[in-house]
Amino acid sequence: MRVLALSAWKDLESCASAIAIAPYDLLRAPETGLVMLRGRMGATGAAFNLGEATVTRCAVRLRDGTEGHAYVLGRNAAHARLAALCDALLQGPDTGAAVTATVIAPLEAKLHATHLAASTKAAATKVDFFTMVRGEDD
Amino acid sequence: MYVAVKGGEQAIDAAHRLLEEERRGDRSVPSVTLEQIAEQLTLAVDRVMNEGSLYDRELASLAIKQARGDLIEAIFLIRATRTTLARFGYAEPLDTQSMRVKRRVSAAFKDVPGGQILGPTFDYTHRLLDFALAGDAEPAAAARAPSALRSDMPRVLGMLGSEGLMEQPPADAGEPGDLTQDPLNFPAGRDLRLQNLARSDEGFLLALAYSTQRGYGRTHPFAGEIRLGSVEVSFTPEELGFAVVIGEIAVTECEMINQFTGSATVKPQFTRGYGLGFGQCERKVMSMALVDRSLRAGELGEERVAPAQHEEFVLSHSDNVQATGFVEHLKLPHYVDFQAELVLLRRLRAEVDAAKDRLEAAE
């Protein structure tokens with residue numbers, strides 16, 4: 001769920017195009033609503049309500065009865081629907097292994113690369129302090 | 001009092017058509033796209049998300065385009081949009097400790113563990129116009145370090161806390177209040193104050209924060225730690241019963257260190273103010289942390305002498321949608337009220353004249 005939600009839609013779409021879409025029913029058609037996000041006073045203290053974010057949810061049921069659920073930030077109905085389908089397929093022993101290999105693993109690798117690139121760019125802006133010799137004692 | 005007036009429909013339609021034409025500007029210039037706004041006017045988008053109190057870059061970009069760049073109008077549009085959407089629930093509190101850091105600085109400690117990470121900042125720029133941007137010149141790619149940042153940046157205020165030099169933040173005390181569900185009452189808890197400040201007008205908050213620095217309720221602040229980066233959002237759907245990650249958002253956080261307090265039972269220690277906001281909004285969260293600390297005056301036994309310490313004044317005037325609504329409603333037709341004022345004024349003047357006539361007649 002984490003990888004499916006964090007990944008960019010275009011990455012999820014291109015990975016998922018490789019899986020065989022099993023027939024499924026929509027338990028809950030994609031629906032966009034709000035979640036209230038929270039922070040903590042002093043970062044670690046009591047919670048407070050910070051502000052809302054859009055989120056889209058969807059639920060599907062495979063023909064064998066397996067349910068898949070997805071909640072994804074933003075308003076992309078196709079993203080939530082595909083994530084819910086992957087969530088259902090991941091629970092099957094055979095389909096689970098296939099989706100892990102063709103969807104989850106490559107998406108996870110892509111996320112890792114994206115995070116690493118961002119982190120090395122930030123790390124390049126790290127300050128190396130050095131002390132100036134001001135010569136006041138001469 | 002506002003009395004409804006009829007008529008003017010045609011004029012209003014024509015005014016809106018004119019507005020749309022003016023919004024579009026010169027049609028020989030390409031129309032700005034939402035992607036361009038989202039990617040290149042990022043900080044305007046962040047401001048609209050903060051004060052609109054809704055994290056959605058695409059909607060904020062659309063609002064900015066529709067409002068012709070008037071950010072308060074864009075914020076108004078976002079607030080109106082959110083009322084059309086159902087609330088699915090409350091997310092788990094964001095864990096800023098696990099933030100993927102893009103910027104992290106401390107003005108209190110030079111050699112802070114994890115380092116001073118400048119990130120994408122306007123600080124130390126010369127504030128000279130860059131005429132190269134008037135053309136299509138592409139900037140050089142960002143520099144990259146050989147290795148990533150450490151993922152467990154220690155908290156500056158946490159380090160002071162472990163020595164007992166810093167007050168501990170308050171522990172969870174039940175469900176926090178929610179301004180979007182219940183009207184604000186006074187005195188307001190710190191949870192409601194922070195929610196209000198997070199969505200309050202940046203300019204108003206900045207001016208209040210500045211006033212504390214100039215002596216109107218001084219708090220002796222140091223920027224203990226400022227962080228910018230992305231955090232994952234966890235939410236527990238009812239049908240699942242366990243928390244799942246539903247995405248990530250960019251946030252800026254400021255932890256301010258302020259001067260001491262102590263008591264008979266607690267040795268003197270630093271106090272703190274907190275700021276948190278959507279996207280990159282350093283000015284906003286620094287101001288928020290200063291005003292958060294000022295509003296703790298009562299709790300910390302400080303005399304309330306300045307506007308920034310006055311909770312009702314701050315929280316009642318911080319919302320720019322409310323403020324603009326009340327100020328700008330003055331331009332709507334008030335013909336009947338004004339007629340009443342005119343009649344009253346004419347009668348008062350007539351009474352003065354009559355009194356003068358009587359006085360003269362008596363003499």
Side-chain angles (χ1 to χ4, degrees), chain A residues 1-8 27-28 31-57 59 67 69-76 79-80 83 87 111-112 114-129 131, chain B residues 50 53-56 58-59 82 85-94 96-97 100-103 110 115-119 142-145 147-149 155 157 169-173 176 178 190-191 194-195 198-199 232-233 235 237 239-240 244-249 253 255 272 274 276 278:
Chain A
M1 188 66 239
R2 174 178 174 273
V3 171
L4 293 168
L6 289 177
S7 293
L27 272 181
R28 175 187 270 151
E31 176 192 11
T32 297
L34 302 169
V35 281
M36 176 57 91
L37 307 178
R38 289 177 162 173
R40 288 191 179 280
M41 300 170 195
T44 56
F48 66 94
N49 291 309
L50 178 65
E52 289 163 310
T54 52
V55 63
T56 302
R57 65 183 176 189
E67 290 180 11
H69 296 267
Y71 279 75
V72 182
L73 283 188
R75 291 171 304 116
N76 188 333
H79 192 149
D87 181 54
L111 276 178
H112 180 71
T114 307
H115 293 158
L116 184 66
S119 189
T120 55
K121 285 180 194 175
T125 70
K126 187 166 166 174
V127 180
D128 280 322
F129 282 107
T131 309
Chain B
N50 267 312
S53 201
L54 181 65
Y55 197 102
D56 187 315
E58 211 176 63
L59 288 180
R82 74 154 283 282
L85 295 166
R87 173 78 73 78
F88 292 165
Y90 292 89
E92 306 294 323
L94 300 170
T96 54
Q97 175 61 41
R100 272 188 287 281
V101 168
K102 200 183 242 188
R103 167 170 168 80
K110 176 167 73 76
Q116 308 268 359
I117 318 298
L118 298 181
R144 292 195 187 196
S147 55
L149 293 170
R155 293 196 160 277
L157 275 71
D172 261 323
D178 187 348
R190 194 175 171 201
D191 51 345
L194 285 167
Q195 184 181 8
R199 58 197 262 150
E232 296 182 0
V233 176
F235 175 68
E239 60 272 32
L240 292 181
V244 290
V245 173
I246 60 171
E248 67 175 359
I249 63 166
E253 180 184 50
E255 289 206 82
R272 56 207 292 167
Y274 188 66
L276 184 66
F278 293 152

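Numbered from 1 within each chain, the chains take letters A, B, ... in sequence-line order. Everything numeric here is computed off the predicted structure, so don't read it as measured data.
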Please determine whether a side-chain nitrogen of the Lys or Arg among Arg38(A) and Glu92(B) lies less than 4.0 Å from a carboxylate oxygen of the Asp or Glu.
no
Between [X] and chain A, which part of the residue has a heavy atom less than 4.5 Å away: side chain, backbone, both or neither?
X: Arg190(B); value: both
X: Ser147(B); value: backbone
X: Arg82(B); value: both
X: Ala143(B); value: both
X: Leu240(B); value: side chain
X: Arg87(B); value: both
X: Gln97(B); value: neither
X: Glu248(B); value: both

Would you say the side chain of [Y] lies within less than 4.5 Å of the side chain of [X], judging by non-hydrogen atoms?
X: Gln195(B); Y: Met36(A); value: yes
X: Val245(B); Y: Met1(A); value: no
X: Lys102(B); Y: Lys121(A); value: no

What option among Gly51(A), Ala46(A), Gly45(A) has the most heavy-atom pairs under 4.5 Å with chain B?
Ala46(A)
Select one option (side chain, backbone, both, neither) describing which atoms of Ala59(A) are under 4.5 Å from chain B's heavy atoms.
neither
Side chain, backbone, both or neither: which part of Glu67(A) has a heavy atom under 4.5 Å from chain B?
neither
Rounding to 0.5 Å, atoms CD (Glu255(B)) and OG1 (Thr44(A)) come to a distance of 7.0 Å
As an exercise: rank Val244(B), Ile249(B), Asp178(B) by heavy-atom pairs under 4.5 Å with chain A and give me the winner.
Asp178(B)
In terms of heavy-atom pairs under 4.5 Å with chain A, the winner among Asp191(B), Asp172(B), Leu94(B), Thr96(B) is Asp172(B)
For the residue pair Tyr71(A) and Phe235(B), does the interplanar ring angle fall in the parallel (under 30°), tilted (30 to 60°) or perpendicular (over 60°) class?
tilted
